[in-house]
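Presented below is the structure to which this report refers.
None of these values were measured; they are calculated from a predicted model. When reading the values below, keep in mind they use all heavy atoms of this one structure, side chains included, and skip hydrogens, waters and symmetry mates.
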Amino acid sequence: MSFLYSALKPIVRKLVKERAHQEESYEDFVRVSHEIQAKFRFALPKIRGYEFRDEMIDGCHCIVGRKAGAAPERALVYFVGGGERRWQLPSRKSMARYMDETGRELWIPLYPLYPDHDILDEVGMLCDLHRRMLEQYAAEDIAWLGFSAGANLIMSTGRHLIRLGNPLPMPGLMIPVSCCNLSISEESYARMEEIGKRDIMMSAASMKRFPKWYDPDGKFPKYLWGCAAEDDYTGFPKIIMYFGGDEIFAAEAPEYEKAFQRCGVRDYTVHVEPGLFHGYPMFSFVKEGRQGEDEIIGYLKQ
């Protein structure tokens with residue numbers, strides 16, 4: 001464990017996890033979400049040596065970047081995290097690495113956010129984005145990378161395409177990092193309670209609140225929000241799934257292993273990194289996160 005990570009752990013636990021234990025009503029969830037979103041101002045990134053443009057998909061912005069003068073033949077779609085309440089964009093350094101070191105064009109969709117939109121709006125926009133990208137790229141040349149809520153949307157969008165009868169070919173590679181579901185098996189929840197003792201960001205109890213925030217009317221079919229023990233992953237492409245060993249969502253890693261085997265997913269990896277935290281490859285300012293980002297870039301270069 002790096003010195004910086006060791007020093008940050010108690011601070012993060014104090015600032016994030018202890019606050020997260022405070023109960024929020026749905027009304028609180030709506031109010032805080034609107035306050036967060038009101039502060040956002042859209043602007044294209046500015047990074048020397050790279051060029052960016054704005055593509056509109058279903059009325060939503062999608063940031064598209066590439067190395068200046070390049071003509072990439074492959075693409076990376078970065079599904080941002082942020083709890084589907086805000087867009088947690090990658091750092092400029094990470095953006096540059098993903099474009100430069102993988103040779104891919106980088107697409108960052110700013111999908112519709114809760115609470116004014118819902119899961120169907122989100123996956124609908126992302127399916128339309130994929131449809132447009134297939135006009136420019138072969139399916140096998142498109143990769144999906146997502147962190148936290150972005151990882152959830154990778155899985156939800158893939159399952160939605162399956163439910164629709166696979167009207168579009170899947171991307172060539174999916175890399176969901178720290179995904180979770182609204183439906184949790186009893187076995188997974190028991191593991192979450194044990195892991196929660198080490199998690200510096202979340203508790204197993206928080207999983208009880210998520211359904212009332214994201215599906216307060218209970219109107220969405222289970223496949224959209226996910227249940228690792230039950231979902232259909234038939235037809236999923238190569239998938240490399242990441243969890244930190246000290247995050248509660250790692251409790252579902254065994255369920256995903258079984259699900260991929262059950263559904264005949266031939267090329268999959270479920271990687272649980274001991275001692276690490278939620279979405280760790282996104283936090284590349286610590287050694288552990290940088291190592292995770294290095295691994296992901298290695299997969300994207302292949």
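- Within 6.0 Å of atom CD in Glu35, more than 12 heavy atoms from other residues, nucleotides or ligands are found, so the atom counts as buried in its surroundings.
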*Step by step, work out the ring pair (Phe, Tyr, Trp, His ring centres under 6.0 Å) result for Phe236 and Phe260.*
CA-CA 9 Å; Phe236 262 50; Phe260 294 151; 7.0 Å; no
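- There is no side-chain donor-acceptor pair under 3.5 Å between Ser183 and Asn181.
- Within the 4.5 Å cutoff, side-chain heavy atoms of Arg191 are placed close to those of Glu255.
- Between Phe40 and Phe42, the two ring planes are tilted [angle within 30° to 60°].
- Judged purely by atom type and a 3.5 angstrom limit, Tyr111 uses its side chain to pair as donor or acceptor with the backbone of Val80.
- Here the closest non-hydrogen pair linking Lys212 and Pro216 is O-CB, 3.3 Å.
- In this pair, His160 and Tyr223 present their aromatic rings parallel. The plane angle is below 30°, not in the 30 to 60° band.
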*Let me see the working for Tyr242 and Phe147 under ring pair (Phe, Tyr, Trp, His ring centres under 6.0 Å), right down to the final yes or no.*
CA-CA 9 Å; Tyr242 277 84; Phe147 292 86; 8.8 Å; no
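- A donor-acceptor contact closer than 3.5 angstrom links the side chains of Tyr268 and Gln261.
- Inspection of the Tyr50 and Arg66 side chains reveals no N or O donor paired with an N or O acceptor under 3.5 Å.
- Using cut-offs of 30° and 60° for the angle between ring planes, the Trp144 and Phe79 rings count as tilted.
- Checked by atom type and distance alone, the side chain of Arg41 pairs as donor or acceptor with a backbone atom of Ala38 at under 3.5 Å.
- In this structure, Lys93 is not positioned above the aromatic face of Phe285 in the sense of NZ or CZ being under 6.0 Å from the six-membered ring centre and within 45° of the axis.
- Residues His117 and Met125 fail the side-chain proximity criterion, which asks for heavy atoms closer than 4.5 Å.
- Within a 6.0 Å radius of CD in Glu73, no more than 12 heavy atoms belonging to other residues, nucleotides or ligands are found.
- Looking only at atom types and distance, the side chain of Ser156 has no donor-acceptor partner in the side chain of Glu122 under 3.5 Å away.
- At distances below 3.5 Å, at least one donor-acceptor pair connects side-chain atoms of Arg104 with backbone N or O atoms of Asp141.
- Around CZ of Arg86, the count of heavy atoms belonging to other residues, nucleotides or ligands within 6.0 Å does not exceed 12.
- Within 6.0 Å of the CZ atom in Arg266, the count of heavy atoms belonging to other residues, nucleotides or ligands does not exceed 12.
- Contact annotation: the side chain of Ile142 approaches that of Leu134 to within less than 4.5 Å [non-hydrogen atoms, C-beta and beyond].
- Atom CD1 of Ile200 and atom CG of Asp246 lie 8.5 Å apart (nearest 0.5 Å).
- Ion pairing of Asp294 with Arg97 is present here, as a side-chain N (NZ or NE/NH1/NH2) and a carboxylate O approach within less than 4.0 Å.
- Classified by interplanar angle (parallel below 30°, tilted 30° to 60°, perpendicular above 60°), the ring pair Tyr280/Phe277 is perpendicular.
- No more than 12 heavy atoms of other residues, nucleotides or ligands shown are found within 6.0 angstrom of CZ on Arg92.
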